[in-house]
Amino acid sequence: MAFPSRYDAESIELKWQKFWTDNKSFDCEIDTTRPKYYVLEMFPYPSGNIHMGHVRNYSIGDVVARFRRMQGYNVMHPIGWDAFGLPAENAAIKHNVQPASWTYSNIDDMRDQLKRLGYSYDWRREVATCHPKYYRWEQEFFLKWIEKGLIYRKKAPQNWCEACHTVLANEQVIDGCCWRCDSLVEQKELTQWFLKITAYADELLEDLKTLEGAWPDRVLAMQNNWIGKSIGAEVAFPLDGALVNEGTTDNADDEIRVFTTRPDTLFGVTFMTLAPEHPLVETLIKGKENEAESRAFIERIRNMDRMARQSDTLEKEGVFTGAYCLNPFTGDQIPIWLGNFVLAEYGTGAVMAVPAHDQRDFDFAKKYGMKLKAVISADGHDLDVNTLEAAYTDAGIMINSGEFSGQSNEEGKAKIIASLESKGKGKQTVNWRLRDWNISRQRYWGAPIPVVYCDKCGMVPVKKEDLPVLLPTHVQPQEDGRSSLADCEEFVKTSCPTCGGEARRETDTMDTFVESSWYFARYTDARNEDAPFSKEALSYWLPVDQYIGGVEHAILHLLYARFFMKVLRDLDYIPADISEPFANLLTQGMVLKDGVKMSKSKGNVVDPTDMIATYGADTVRLFCLFAAPPERDFDWSDSGIEGSARFLQRVWRLYQELRPVIVSGAACFSSAQHAETDKAKALRFREHSTVKKVGEDVGNRYQFNTAIAAIMELVNEIYIVKEELMQTENGKIILSSAIATVITLLTPITPHICEEFWHDLGNAGTIGEQAWPVWSEDALQKDVLTIVIQINGKLRGKIEVSSKATKEEIEKEALAESNIAKHLEGLTLRKVIVIPGKLVNIVAN
RNA sequence: GCGAGAGUGGCGGAAUUGGUAAACGCACUGGACUUAGGAUCCAGCGGAGUAUUCCUUAAGAGUUCGAGUCUCUUCUCUCGUACCA
């Protein structure tokens, strides 16, 4: 049968996609006789259209999955939909549809688009997080959290638009105003549900060490900083004039507790700064001379939106409360100020100010004319604070610090803490930057929180057997963006699980990060109706061996998912020996166009569907992998993809030409045939070194661009030698093996065209099940090596030597080379360095 | 400010352990084939020079027989983060 001269990507791709589906080529089951490999890409939000970032992400994952299958692993490669979230509500308002139908129809569209790319997913494991059979399990988790005291309610300030009467997400606040109606956004205290992630801060931090080398360093560094462990001391400063309870370390309203990482500077405190939200503020300012001024300040700061307050352009400001506290060591009177830069949520909401040794305090003191006191200097001599131009923040010897003077400040730290503890004025504490996770959202399109409120019984969890609490799907979102759940009487009205009386459902839904914190575990047992997953499935499949996704999720998603593993382990959902979800992480860069992120508003979006229609899925996949290494951003290039298309055409023509000499059957791949001529030897060398390189690049280094470049070089080499090798029988065998190797190595990257070749050769099954080729050491042996000769590190010549030549022989030959001899004229030979197999460097002057 | 990373031809990038800088591809130039070419093939392609050759990895210094790679200084850019007490 003739082989078509034209490469028609579309018909080939559709044919093999159907074949794979019909043959269940990528379905996987637990098989304890084989090693497993779980490849996962971050699941998409079903916006309706895949973009190039998706194509890049999923193409990387598919190469890994297909490569591991060929290596003999039992591979699980699932996909699903992160289907709850704000965009569905916005689209629903804009197009007057229901979020549920909008979401499900987007899923249908995007599923088709992904299938057109030929990814090797086990579609039976597909999940959509907005489906009750998915979210009911996190409602069950929620009940467990209540039971175990892992979740609590607390008031917290939220962005609030009074005109729309709704809470706004940070991204809905534009320059401090509501994105919809443009009115000023205020901060409103609302009761929220908090999950105690801080209870796991230590473990989350410690376990980062187990991920070293397997996760990118920068992600580990970011998580480390985000958790932000700092060791210091909590110190109580009694209020001046208040009744002081000696010996108590409990929180009391007659003292101000501060957290400091620098207890060694305690003797240098000259003022105190409190957050305007600090609980003691009201008592402190009441009846004082500048009460009005203080109140105005507090009011102003409180009404600033959170983004503005935390911006870097914010000028440090403060106001004196009129109150004083006392230094627990010296008894000095310390004025208490309010500062706009002190955060109520961090530490204790109060800062002891040491202007001589902290730059921020220094600036503040200079601005408001406060005094400085030096308590550390480099040499132990006193510092003249009047000549200081900046705070002295280095280590040194303590001065003006009573009994502690004269020692290093590092020693002083420990001794001051010990002294505080013995006096009951403070203690060593660990402070975390990490805060508890607010998982409640005042939104409609999310998983309902399974709780009801009863006038008699108060807050009552829904009974486990009554789950799921179904989110009504026929609801139309409000024009103003307000959650329509609260207005849906048939949802809200219910009966109390405890007393049976009238009760109202919680109308907050869960943060969508909750869904994405455990979906990878659900995939292992996606159709389980009795549990979120079985321990058997988790034990076999977890952890994810390779996780791939955008670096923008380096902190939140990855931290929450890690946290979930640990919580669910402690709740006995997950085997005790699993506590980290992702064994290896690859963070991929963005796809740019003309140096900027693709976006509709910039009009620079390249639609993958158009590209597939023009070039075919294999070409699009190939180019996404070839254009740049995965972790780097890459700039889409319309002419660049032409090159990838050209390469596949070139392979097609090569196959067509060599088809008559290709030995059919599995034996042709990576043949260990003996090569007779120099050209045959060279091709065999190239073939085997390519197998070696591609295996390393795909399997270890995740550098698909260089893997593809190596395959291109092999193809180029075949083009050069094919005429000559066609002349002999041995040559034909070597050629056959080389082209077969090209096809095999390309299989994970461009699976459709390779499947076409494979079947054209009369093979059955799928090429994706064939063994990954193995290179043989003998093919990589060279009889003659090219040795580079340098003089003083500069390239001056090359020689060919036998691979068996000794150092002495190489040195002799190098010195005898004509160009070298010429360059050495008139110079004195100092030293000759011979690196066998590589180079000779002659040192002369 | 702090933390992390990067800087290599006209462009994307390669150089994996300190050992031939610019692999592979794009763009471009010349040629072949051709009624035609936006197909294909051949050749060229960092800079200077006819050439032997010299210079070249942001800039400068250092270590080394040898530095794109290691150290220091400076500059630029990207990402993360935000007054963390």
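A note on names: the letters A, B, ... follow the listed sequences, proteins ahead of strands, and every chain is numbered from 1.
The side chain of A:Leu343 approaches B:rC84 more closely than any other nucleotide in the set B:rG3, B:rA14, B:rC84. When distances are taken from the side chain of A:Lys831 to each of B:rA85, B:rC65, B:rG12, the shortest belongs to B:rC65. Side-chain proximity of A:Arg796 to the nucleotides B:rA14, B:rG19, B:rC54 is greatest for B:rC54. For A:Glu713, the side-chain atoms get nearest to B:rA23 when compared with the rest of B:rG80, B:rA23, B:rG3. Which of B:rA85, B:rC54, B:rC24 sits closest to the side chain of A:Phe259 comes down to B:rA85. Candidate nucleotides B:rU16, B:rC83, B:rC24 were compared by shortest atom distance to the side chain of A:Met712, and B:rC24 ranks first. Ranking B:rC41, B:rC65, B:rU16 by closeness to the A:Arg653 side chain, first place goes to B:rC41. Closest to the side chain of A:Pro629, out of B:rG13, B:rC65, B:rA23, is B:rG13. Checked against B:rG13, B:rC24, B:rU81, the side chain of A:Ala628 finds its nearest nucleotide in B:rG13. Out of B:rC65, B:rA82, B:rA21, the shortest distance to the side chain of A:Leu795 is found at B:rA21.
Across all strands shown, A:Asn224 has no heavy atoms under 4.0 Å from either base or sugar-phosphate atoms. Residue A:Gly643 is classed as a sugar-phosphate contact, given heavy-atom separations below 4.0 Å to backbone atoms only. As judged by a 4.0 angstrom heavy-atom cut-off over every strand, A:Lys693 is placed among the base-contacting residues. A:Thr706 comes within 4.0 angstrom of sugar-phosphate atoms only, judged by non-hydrogen atoms across all strands, and of no base. Among the protein residues, A:Asp633 comes within range of the sugar-phosphate backbone only, with heavy atoms under 4.0 Å from sugar or phosphate atoms but none that close to a base. When heavy atoms are screened at a 4.0 angstrom cut-off, A:Phe634 is found touching no nucleic acid atom at all.
As rounded to the nearest Å, B:rA15 and B:rU8 have C1' atoms that lie 10 Å from one another.
As a whole-Å value, the separation of A:Arg701 CZ from B:rU16 P is 8 Å. When rounded to the nearest whole Å, the span between CG of A:Leu625 and P of B:rG25 equals 17 Å. Nucleotide B:rG80 holds its P atom 14 Å from the CZ atom of A:Arg433, rounded to whole Å. A:Asn792 places its CG atom 12 Å from the P atom of B:rC54, with the value rounded to the nearest Å. Atom pair A:Leu266:CG and B:rA85:C1' shows a separation of 13 Å (rounding to whole Å applied).
A cation-pi arrangement is present between A:Arg650 and A:Tyr719, with the terminal nitrogen or guanidinium carbon under 6.0 Å from the aromatic centre and inside a 45° cone about the axis.
Both distances falling under 3.5 Å, in either a Watson-Crick or a G-U wobble arrangement, occur for no nucleotide opposite B:rA39. Under the Watson-Crick or G-U wobble criterion, with both distances below 3.5 Å, B:rC2 is paired with B:rG80.
Looking only at atom types and distance, the side chain of A:Thr198 has a donor-acceptor partner in the side chain of A:Asp436 under 3.5 Å away. A donor and an acceptor atom, one from each side chain of A:Asp638 and A:Trp636, are located under 3.5 Å apart. In this structure, a donor-acceptor pair under 3.5 Å is absent between the side chains of A:Thr429 and A:Glu234.
With a glycosidic angle no further than 90° from 0, B:rG9 counts as syn.
Of all non-hydrogen atoms in A:Phe685 and A:Leu780, the two that sit nearest each other are CE1-O, 3.4 Å.
Within the 4.0 Å cut-off from OP1 or OP2 of B:rC79, not a single side-chain nitrogen or oxygen of A:Arg632 is found.
A salt bridge does not link A:Glu696 with A:Arg701: every distance from a Lys NZ or Arg NE/NH1/NH2 to an Asp or Glu carboxylate oxygen is 4.0 Å or more.
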